[in-house]
Protein chains: 2
Amino acid sequence: MTSIKDIARLAGVSPSTVSRVLNEREYVRAEVRQRVLDIVKEKGYVQNHVARSMVLRRSFTIGVVIPYLFNMFQRQLFASMEFFLEQHGYKTQFFFLRWSDSSEQAFLRRLKGETLDGIIFIHELDNPEIYQYIQERSLPVALCTFEKREFGFPAVHIDEEASAELAVDYLIQRGHHSIGCITGEHFSFGRQREDGYKRALAAHGISYSPELTVRVPSYNPEAGRTGMLSLIRQKQPLSAVFAATDELAIGAIKALCESGLKVPEDVSVIGLDDIDISAFTTPGLTTVRQPIFEMGKKSADLVCEWIARDHIQEKVESFTTTIVERESVRTLH
Amino acid sequence: MTSIKDIARLAGVSPSTVSRVLNEREYVRAEVRQRVLDIVKEKGYVQNHVARSMVLRRSFTIGVVIPYLFNMFQRQLFASMEFFLEQHGYKTQFFFLRWSDSSEQAFLRRLKGETLDGIIFIHELDNPEIYQYIQERSLPVALCTFEKREFGFPAVHIDEEASAELAVDYLIQRGHHSIGCITGEHFSFGRQREDGYKRALAAHGISYSPELTVRVPSYNPEAGRTGMLSLIRQKQPLSAVFAATDELAIGAIKALCESGLKVPEDVSVIGLDDIDISAFTTPGLTTVRQPIFEMGKKSADLVCEWIARDHIQEKVESFTTTIVERESVRTLH
DNA sequence: TCCCTAGATGAAAACCTTTTCAGAAGCTAT
DNA sequence: ATAGCTTCTGAAAAGGTTTTCATCTAGGGA
């Protein structure tokens with residue numbers, strides 16, 4: 001591997017000068033600059049990133065923390081982040097976390113050893129130690145899809161409760177009164193979306209019956225399927241279902257179909273997220289759209305701004321959500 | 001940040017000794033070891049990875065090259081790789097490549113600057129320079145889902161042609177004779193799967209009509225949808241469609257549905273890949289299963305073996321594929 | 001002529017580790 | 001007592017950069 005010293009020797013200058021050329025510092029004669037540049041090109045030399053990181057004590061790398069089995073929503077989010085972080089001149093280092101304490105511990109250890117310039121969380125952690133460590137080290141950070149009031153970190157998210165209410169309200173407007181809810185037991189957004197469901201019912205004077213809400217252990221289609229199956233099995237009549245995520249909704253539709261019930265003729269289904277695939281289910285999924293791309297961009301912008309300015313005014317960015325009408329909801333009467 | 005020197009000072013020993021303790025070298029008194037360990041724990045010290053990489057000239061990091069807009073198949077593949085690479089004690093560094101020459105150039109530059117211990121490609125590159133560079137540097141590498149005979153790199157893949165033939169044969173066995181094909185224009189596997197389609201027809205003496213094959217610019221549902229739409233528009237009758245990937249198949253089903261045609265009653269659809277979501281479409285997608293998880297594992301194993309043994313016997317691992325029967329194919333007669 | 005300044009360059013230190021080499025201390029065998 | 005092992009430890013070099021500080025040159029003003 002050719003190093004800066006080799007280039008220096010070949011150009012008949014010192015390593016310092018080569019470094020100055022490479023980093024576009026002033027104080028180097030045009031003629032010398034050109035000679036160095038020529039040799040760099042000829043030798044195909046590029047700076048060694050590891051050595052550079054060490055001396056500069058920054059790595060031009062932003063960490064992104066995401067669940068190991070990230071869902072399609074998170075996948076779109078992180079593609080967006082990676083895109084904009086690259087635009088800002090940063091590399092992205094992903095940390096795939098299992099949902100366990102040991103995984104979070106391992107992550108904390110790695111975080112201490114790694115030289116990250118900033119970090120974005122797409123995944124709410126249980127272990128407060130990690131947030132504390134980040135705060136002490138005043139490592140630039142942004143939270144995406146959730147917030148942590150007690151730490152005052154910048155965050156981008158939607159109003160989970162209002163978005164769920166929007167979905168359920170949409171069903172009620174179309175004449176539905178007996179509405180089921182499938183949500184997850186983990187993470188704050190699951191509870192918040194359930195709260196939104198209740199609020200919508202209350203706002204229209206519909207009584208809440210607990211049997212119509214089911215909490216499943218995860219947010220994927222398989223969980224949605226089993227959730228819907230148990231909703232079908234219970235006694236109460238049901239004309240529509242609110243699924244806390246699109247993936248749950250996709251599983252719910254599958255379960256209905258398997259049970260010989262038609263969507264939306266027999267049961268209407270509405271989701272929340274608007275992931276790419278929701279436009280391609282049959283029937284197309286009516287859902288509430290999160291501006292995924294913009295949220296990813298904003299998260300990237302926030303960390304980069306923090307790094308550039310060396311501080312950030314406490315800032316929580318709340319994005320608005322909108323109904324996307326497709327074919328999975330039927331209008332009654 | 002506390003460094004090895006701080007620990008050494010506090011323990012009243014030299015940095016060398018601390019290093020020996022940390023790396024579990026022999027020749028350090030049990031009593032000294034314990035004292036150092038205690039202080040390490042107390043201070044929460046962890047080795048600085050950047051400095052360590054520099055002196056060891058290895059980073060314990062494997063690069064994974066994947067398209068920027070990776071599909072669900074690739075997503076499952078890389079989750080599997082990340083999992084097994086971690087088991088082998090390696091971190092994973094992703095490189096998301098756009099489908100452009102400049103993106104490949106930028107990647108090559110980065111590759112030269114980065115200190116990677118190995119690299120896995122889930123994405124076939126056009127630029128041979130990159131493969132050449134890897135070969136010259138004798139960087140441990142594995143190809144996944146394709147191969148490059150001329151470089152003799154280890155590779156894991158399926159027999160694309162045979163798998164497509166399997167799918168189309170399945171349709172023919174069920175009485176279908178007028179079978180459409182939706183495939184992509186890019187990447188070798190698209191052409192190979194098309195060849196498999198043709199081979200199946202030929203094997204059963206069914207004449208090949210070019211109007212029944214459409215090539216779309218990408219492999220996602222939207223492309224599948226437009227492909228199917230143009231297949232519907234043409235004159236030839238059609239009782240079944242082979243889509244070169246599951247995502248294409250999902251889009252095809254959508255298009256049929258939009259056009260008032262029922263799957264499988266009016267038209268049967270078969271895919272290839274067996275991605276997670278294919279179990280949750282309505283109707284469930286009949287498809288050909290690639291053992292995605294195992295392929296990811298094998299790729300990880302191959303690079304790690306190369307690194308460990310410092311060489312590898314030329315090795316191409318071909319996985320077998322199997323039909324997964326769901327509801328999207330109807331038996332005629 | 002002399003001094004001062006600005007521009008250009010290089011030597012050396014620093015970043016944080018690991019590893020080599022040499023030396024010290026405590027044994028055992030002669 | 002000496003030589004020769006083992007076991008343990010520290011000093012110093014190395015890895016590839018950037019940056020500080022010092023030096024040198026040339027040009028301008030007094």
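Just so we're clear, the structure is a prediction, and the values are computed from it rather than from any experiment.
- For a distance-only test at 3.5 Å, the side chain of Thr17(A) fails to qualify as a donor-acceptor partner of the base of dA8(C).
- Rounded to whole Å, the distance from CE on Met1(A) to P on dT17(D) is 11 Å.
- Below the 3.5 angstrom threshold, one finds a donor paired with an acceptor across the side chain of Arg20(A) and the base of dG10(C).
- A sub-4.0 Å separation between OP1 or OP2 of dC15(C) and a side-chain N or O of Asn48(B) is absent.
- Between Glu147(A) and Arg149(A) there is a salt bridge, with a side-chain nitrogen of the basic residue lying less than 4.0 Å from a carboxylate oxygen of the acidic one.
- Here the P atom of nucleotide dA8(C) and the CZ atom of Arg35(A) are 14 Å apart, to the nearest Å.
- With hydrogens and angles left out, the side-chain atoms of Arg57(A) and Asn48(B) include no donor and acceptor closer than 3.5 Å.
- Atom P of nucleotide dA13(C) and atom CG of Leu56(A) are separated by 20 Å, given to the nearest angstrom.
- Remark: Tyr45(A) is in phosphate contact with dT17(D), judged by side-chain N or O atoms under 4.0 Å from OP1 or OP2.
- There is no side-chain donor-acceptor pair under 3.5 Å between Thr92(B) and Glu86(B).
- The shortest distance between the side-chain N/O atoms of Arg29(A) and the OP1/OP2 oxygens of dT9(C) is below 4.0 Å.
- Salt-bridge formation is not detected for the pair Lys298(A)/Asp301(A): no Lys NZ or Arg NE/NH1/NH2 atom is positioned less than 4.0 Å from an Asp or Glu carboxylate oxygen.
- Shortest non-hydrogen contact noted between Arg137(A) and Leu111(A) is NH2-O, 4.3 Å.
- Rounded to whole angstrom, the span from the NE2 atom of His49(A) across to the P atom of dT17(D) amounts to 11 Å.
- The nearest whole Å value for the distance from the CD atom in Glu26(B) to the P atom in dT20(C) is 13 Å.
- For Lys5(B) and dC15(C), the NZ to C1' distance is 9 Å, given to the nearest whole Å.
- Listed nucleotides: dG7(C), dC16(C), dG10(C). Nearest to the side chain of Tyr27(A): dG7(C).
- Remark on DNA chain D: of its neighbouring residues Ser19(A) and Ala51(B), the 5'-side contact belongs to Ala51(B), judged by nearest-heavy-atom nucleotide.
- Within the 4.0 angstrom heavy-atom criterion, only backbone atoms of the sugar-phosphate kind lie near Val28(A); the bases stay farther away.
- At whole-Å resolution of the value, CZ in Arg57(B) and C1' in dC16(C) are 16 Å apart.
- Residue Met54(B) is the one, among Met54(B) and Ser16(B), whose nearest nucleotide of DNA chain C lies closer to the 5' end (criterion: closest heavy atom).
- For Ser3(A) and dG16(D), the shortest distance from a side-chain N or O to OP1 or OP2 is not below 4.0 Å.
- A salt bridge links Glu82(B) with Arg98(A): at least one charged nitrogen is closer than 4.0 Å to a carboxylate oxygen.
- Regarding Ile4(B), its CD1 atom lies at a distance of 12 Å from the P atom of dG10(D), rounded to whole Å.
- With DNA chain D read from its 5' end, the first of the two nearest nucleotides for Val55(B) and Pro15(B) is the one closest to Pro15(B).
- For dT19(C), the OP1/OP2 oxygens have a side-chain nitrogen or oxygen of Arg25(B) closer than 4.0 Å.
- Within 4.0 Å of Val50(B), counting heavy atoms only, lies no atom of the nucleic acid at all.
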